[in-house]
Amino acid sequence: MKAIAWNAINLELPDEWELLQFSKSSDNGKIAFADRYQFRLELDWSTVSAPPDLDRMASDYKSKLAEDGTKDAKLAVHLPWKGVSAQEADNFISRYVNYFPSRSLMLELVFLWPNGEKYSPAFEGKVLDSIFVAPYQEDSQQHWKAFGLDFDVKDDHYLHELIAEPAKTQFMFRSTDRKEIETIARRGMVPEWLDIPVDQWLAKQVPKEYEVTSQTARTENEHQVYSLVARRKPTVLVDWIHGVRTITASAWICPKDHRLYMAAKLAPDYKKGRKHAPLHIACCDSLEMTL
Amino acid sequence: MSSKTENLKPETPKSWKQMLLAIPTPNTAANAKYDEESGLVTVTVKNIKPDYMIPPFSWVVHFSPKKDITLDKLGSQLWKWCNGRNTVENIIDKFKDAHELTFHEARTSVVEYLKKLIQRGVVAVIIQEEK
């Protein structure tokens with residue numbers, strides 16, 4: 001089983017299940033996982049103002065299935081999760097619902113069992129037991145683990161953009177005041193497209209209006225890590241008010257999975273008071289970077 | 001509770017098992033040449049003469065009875081595996097292992113590339129029924 005962390009929701013799923021669909025919103029959204037042949041699990045979240053009546057939701061849904069002609073729908077309970085399971089079209093489907101007050105989130109979990117695969121309530125229970133929702137803590141970190149990336153960003157930063165293409169994943173988070181941006185990327189098939197050294201590639205990612213002021217390289221547990229700092233030049237009025245916008249970035253190729261990792265932070269060079277939120281990223285057991 | 005699985009993107013089928021069972025095979029009407037130096041494959045495909053290619057139109061527009069398609073490095077690798085014996089699933093597994101990708105990363109890349117090869121008449125596909 002492998003751990004997944006998305007939008008403060010943590011769960012464990014079989015290693016071969018992959019995340020194929022996602023929502024960026026932290027209030028309402030879903031993620032869906034598939035094995036190599038079909039979708040197997042969907043997790044929906046929605047922010048609710050009050051704890052829902054889970055028993056009533058389950059029994060209402062059972063009644064709806066009966067009205068729609070679905071036979072043998074049964075209430076499925078794995079406390080504190082409440083749900084309904086029934087044969088629907090090509091799949092046996094179990095739906096469970098639960099409420100997590102720490103973030104006022106209602107979670108719905110849908111398991112799809114293809115014909116020919118034995119339905120396992122024990123497996124569903126194992127997945128349901130693995131789910132927990134991290135409470136919101138100001139000045140704390142939110143943990144994400146998906147698409148081969150494992151990182152922590154500041155809890156009040158939101159997922160602004162996510163590119164998930166074959167061999168190319170890039171998360172971009174922003175602070176609500178839009179002053180800080182964190183970018184975390186993982187690229188595969190490196191020999192097919194990387195035709196310059198990693199440090200040069202990293203420097204090329206810096207926007208034109210920024211000037212690289214320092215570049216360093218170091219080796220850590222067989223990882224050759226290249227880092228740089230770049231500052232906006234020429235500065236603009238907003239830089240004089242909030243501090244000069246500065247990029248801190250690192251890139252390396254992990255010797256274990258041979259993928260290129262990049263972590264970058266764009267933030268004003270705060271003169272006093274406010275501190276940068278740290279950005280932690282791990283590519284494997286041997287390297288954890290902090291920017 | 002709701003049936004949220006119905007909200008999955010309509011273009012994404014719930015199951016793609018049948019597609020994985022298909023067997024890509026070289027188009028028998030196409031000739032392939034492997035260049036050992038570059039490692040690239042060039043496939044010569046016959047063009048079908050369109051109905052409108054008659055005089056006087058054909059006097060001014062040249063019709064070429066065949067076209068050469070040179071596949072890039074990844075395409076040439078895929079072409080070798082499209083030998084009429086490997087299923088799409090086998091090819092995805094080979095591509096996945098060769099490039100250290102996950103199954104679905106490889107599936108997306110391979111299927112997109114195969115679609116292009118099919119559209120260009122380089123490869124044909126034998127569909128097998130799901131057991």
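Being a predicted model, the structure only gives us computed values, none of them experimental. A note on names: the letters A, B, ... follow the listed sequences, proteins ahead of strands, and every chain is numbered from 1. Excluded from the calculations below are hydrogen atoms, water molecules and symmetry mates; all remaining heavy atoms, backbone and side chain alike, are included.
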Asks: Measuring heavy-atom distances to chain A, does B/I92 have an atom under 4.5 Å in its side chain, in its backbone, in both, or in neither?
Replies: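 Contact with chain A: none, neither part.
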Asks: Under a 4.0 Å threshold between the charged nitrogen and the carboxylate oxygen, would A/D35 count as salt-bridged to B/K17?
Replies: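 The answer is no: the pair does not qualify as a salt bridge.
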Asks: Would you call B/E100 and A/R259 a salt bridge, using N to O less than 4.0 angstrom?
Replies: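 The answer is no: the pair does not qualify as a salt bridge.
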Asks: Does the side chain of B/K73 reach to within under 4.5 Å of the side chain of A/E192, using non-hydrogen atoms?
Replies: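 With C-beta onward as the side chain, the pair touches.
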Asks: Please check if any side-chain donor atom of B/E89 sits under 3.5 Å from a side-chain acceptor atom of A/Y37, or the reverse.
Replies: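 On atom types as modelled, these side chains qualify, holding a pair under 3.5 Å.
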Asks: Relative to chain A, which segment of B/D72 carries a heavy atom at a distance below 4.5 Å: side chain, backbone, both, or neither?
Replies: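 Contact with chain A involves no heavy atom of B/D72 at all.
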Asks: Check whether more than 12 heavy atoms from other residues, nucleotides or ligands sit under 6.0 Å from atom CD of A/E117, and answer yes or no.
Replies: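 More than 12 within 6.0 Å, yes.
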Asks: Give, as side chain, backbone, both or neither, the part of A/A164 having an atom under 4.5 angstrom from any heavy atom of chain B.
Replies: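 Neither part.
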Asks: Give the interface residues of residues 101-114 of chain B toward chain A, defined by a heavy-atom separation under 4.5 Å.
Replies: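 So far as heavy atoms go, B/L101, B/T102, B/F103, B/H104, B/E105, B/R107, B/T108, B/S109 are the residues that approach chain A to under 4.5 Å.
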Asks: Taking everything shown except A/D15 itself, do over 12 heavy atoms lie less than 6.0 Å from its CG?
Replies: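 Correct, the count exceeds 12.
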Asks: Is the number of heavy atoms from other residues, nucleotides or ligands within 6.0 Å of NZ (B/K33) greater than 12?
Replies: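 Atom NZ in B/K33 is not crowded, with 12 or fewer foreign heavy atoms closer than 6.0 Å.
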